[in-house]
There are 2 protein chains.
Amino acid sequence: MIDDTAARAQVVDAADRLFYARGVQAVGMDAVRTEAGVSLKRIYKLFPSKDDLVVAVLECRREVWNAGIAATAERAGTARGKLLAVFDFLDAWFREPDFRGCAFINVYGELSGGSEQVQRTVREQKEAFGAYVAQLVREAGAPASLAPQLAILAEGAQTTAAISGTPDAAAQARTAAEVLLAAALD
Amino acid sequence: MIDDTAARAQVVDAADRLFYARGVQAVGMDAVRTEAGVSLKRIYKLFPSKDDLVVAVLECRREVWNAGIAATAERAGTARGKLLAVFDFLDAWFREPDFRGCAFINVYGELSGGSEQVQRTVREQKEAFGAYVAQLVREAGAPASLAPQLAILAEGAQTTAAISGTPDAAAQARTAAEVLLAAALD
DNA sequence: TTGCGATGAGAACGATCGTTCTCTAGAGTA
DNA sequence: TACTCTAGAGAACGATCGTTCTCATCGCAA
């Protein structure tokens with residue numbers, strides 16, 4: 001038998017795949033159990049309710065997102081380069097064949113009237129990203145008002161790419177970000 | 001008894017309120033029937049399935065959106081002014097107490113794995129908005145590449161405002177749009 | 001070997017969903 | 001008046017949901 005840590009990872013992984021592809025409400029716990037290969041009893045011991053599982057999935061997504069952003073930023077030397085690297089990261093993400101938009105936005109739209117804990121997790125993720133951008137804007141020596149503008153561009157690129165089905169929005173948002181950066185740094 | 005046109009309007013109106021506030025999947029047809037005051041039999045005569053009702057609700061939202069955008073644009077003289085007016089429209093919308101984000105984005109996130117007709121309706125709305133912005137950009141004498149950038153700003157403002165729970169994103173996006181417009185019109 | 005606690009597989013439960021059906025009442029027509 | 005058609009109210013249906021329960025099985029201490 002596998003230990004709790006491994007079982008937990010398998011369940012979160014399977015749930016993430018299913019929830020992201022089909023939506024949370026369209027996926028039953030039975031499907032999660034089949035995909036994960038972990039019994040329902042064990043799943044409910046690890047996650048007392050489906051909401052807890054959704055939160056765990058989002059927290060896992062946050063780790064992946066942060067790691068991806070950090071890896072792309074590392075290849076850039078300046079703070080300005082790190083800010084633009086966000087859009088390169090988005091570009092690569094949008095080109096993945098199973099891209100279906102930002103999981104946080106999707107879940108928020110689906111469960112906005114429901115679990116309050118899920119809403120909080122989504123909000124925290126967006127706030128953390130905003131804080132990351134704000135830190136880089138400070139380092140770049142640009143006025144603080146630039147940060148939310150760049151964050152809005154990244155947000156808009158994600159929903160536009162999801163709905164249009166093309167990755168074009170990443171490059172378009174990057175170009176806009178360059179203009180805003182140039183104007184702010186004059 | 002009311003005629004079909006009035007019954008249809010009542011059902012769409014009630015469904016819109018419920019779907020927007022709680023999500024499509026969280027609202028049963030029984031709740032729509034109670035809110036609309038129209039019998040289930042009649043609802044299913046007007047809309048053969050729940051998906052058809054969702055599409056009708058989205059089409060109604062599109063009319064309201066287009067009318068609101070047009071009304072705000074009318075108060076601006078120039079094409080540049082009409083482009084910025086989009087963000088004034090968003091600002092007023094975000095301040096409404098029951099604002100919960102863009103209904104099209106919410107529905108897309110919720111049913112992305114489901115009805116293909118719903119997906120098409122969402123995509124058409126976003127394409128139509130993009131075409132509207134592109135037309136104004138042309139009239140303003142700016143390069144065509146500006147249009148998707150402004151559309152992405154509007155899109156990002158909507159999701160940011162929904163998740164953050166504040167209307168700030170409208171003004172931030174408007175400021176960014178002014179910078180992009182100034183740079184494009186040099 | 002015996003007894004015990006935990007596990008996996010999946011049946012079972014109560015609720016709710018989208019959709020259809022039944023039954024009754026009333027309007028219009030000859 | 002008698003007949004027909006439609007609509008409303010809501011029960012009914014089969015499916016599916018999240019969650020819990022049953023039961024056979026296994027590892028392991030004494």
Side-chain angles (χ1 to χ4, degrees), chain A residues 1-58 106-107 110-119, chain B residues 1-58 106-107 110-119:
Chain A
M1 202 198 54
I2 56 180
D3 66 10
D4 278 1
T5 307
R8 212 186 143 87
Q10 281 182 29
V11 172
V12 169
D13 231 53
D16 179 59
R17 274 196 303 275
L18 295 173
F19 290 168
Y20 185 62
R22 298 193 229 154
V24 173
Q25 310 211 58
V27 172
M29 294 297 277
D30 247 26
V32 173
R33 159 222 159 108
T34 302
E35 178 88 358
V38 174
S39 75
L40 270 181
K41 191 174 190 173
R42 191 126 187 235
I43 292 178
Y44 273 94
K45 203 183 61 177
L46 294 166
F47 309 96
S49 76
K50 194 182 185 182
D51 272 352
D52 294 302
L53 177 55
V54 172
V55 169
V57 165
L58 290 180
N106 290 349
V107 166
E110 186 170 357
L111 307 177
S112 77
S115 162
E116 188 257 338
Q117 194 189 0
V118 170
Q119 285 186 57
Chain B
M1 199 199 59
I2 57 179
D3 64 11
D4 278 1
T5 306
R8 210 185 143 88
Q10 281 182 30
V11 172
V12 169
D13 231 53
D16 179 59
R17 273 195 304 274
L18 295 173
F19 290 168
Y20 185 62
R22 298 193 230 153
V24 173
Q25 311 210 59
V27 173
M29 293 298 277
D30 247 26
V32 173
R33 158 220 159 109
T34 303
E35 178 88 359
V38 174
S39 75
L40 269 183
K41 191 175 191 174
R42 191 126 187 236
I43 292 178
Y44 273 94
K45 203 182 64 177
L46 294 166
F47 308 97
S49 78
K50 194 181 186 183
D51 272 353
D52 293 302
L53 178 56
V54 172
V55 169
V57 164
L58 290 180
N106 291 349
V107 165
E110 185 170 358
L111 306 177
S112 79
S115 162
E116 186 258 336
Q117 195 189 0
V118 170
Q119 285 186 57

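Convention: sequence-line order gives letters A, B, ...; per-chain numbering from 1. Quick caveat, the model's predicted, so the values are computed rather than measured.
Within 4.0 Å of B/V24, counting heavy atoms only, lies no atom of the nucleic acid at all.
Taking only side-chain nitrogens and oxygens, B/R33 comes nearer than 4.0 Å to OP1 or OP2 of D/dG10. Phosphate proximity of D/dG8 to B/R42: present, with a side-chain N or O under 4.0 Å from OP1 or OP2. Side-chain N/O atoms of A/K45 include one lying less than 4.0 angstrom from OP1 or OP2 on C/dT7.
Going from atom CD of B/Q10 over to atom C1' of D/dG8 covers 14 Å, rounded to whole Å. Nucleotide C/dC13 holds its P atom 16 Å from the CG atom of A/L40, rounded to whole Å. Atom CZ of B/F47 is separated from atom P of C/dG18 by 15 Å (rounded to the nearest Å). Atom pair B/L46:CG and C/dT19:P shows a separation of 14 Å (rounding to whole Å applied). Nucleotide C/dA9 holds its C1' atom 16 Å from the OH atom of A/Y44, rounded to whole Å. Distance CG (A/D30) to P (C/dA9): 12 Å, rounded to an integer number of Å. When the C1' atom of C/dT16 is taken as reference, atom CD of A/Q25 falls 12 Å away, rounded to whole Å.
You'll find that the side chain of B/M29 is closest to C/dG18, out of C/dG18, D/dT19, D/dG8. Proximity note for B/K41 (side chain, C-beta onward) versus C/dT22, C/dT20, C/dA9: the nearest is C/dT22.
No donor-acceptor contact under 3.5 Å links the side chain of B/K50 to the base of C/dG18.
With rounding to the nearest 0.5 angstrom, the OG atom of B/S115 is 12.0 Å from the CD atom of B/E110.
The nearest pair of heavy atoms linking A/V12 to A/V57 is O-CG2, 3.8 Å. Closest non-hydrogen pair, A/A14 versus A/E35, comes out as CB-CG, 3.3 Å. Closest heavy-atom contact between A/V27 and A/R22: CG2-CB, 3.8 Å.
The backbone N or O of B/S49 sits less than 3.5 Å from a side-chain atom of B/D52, completing a donor-acceptor pair.
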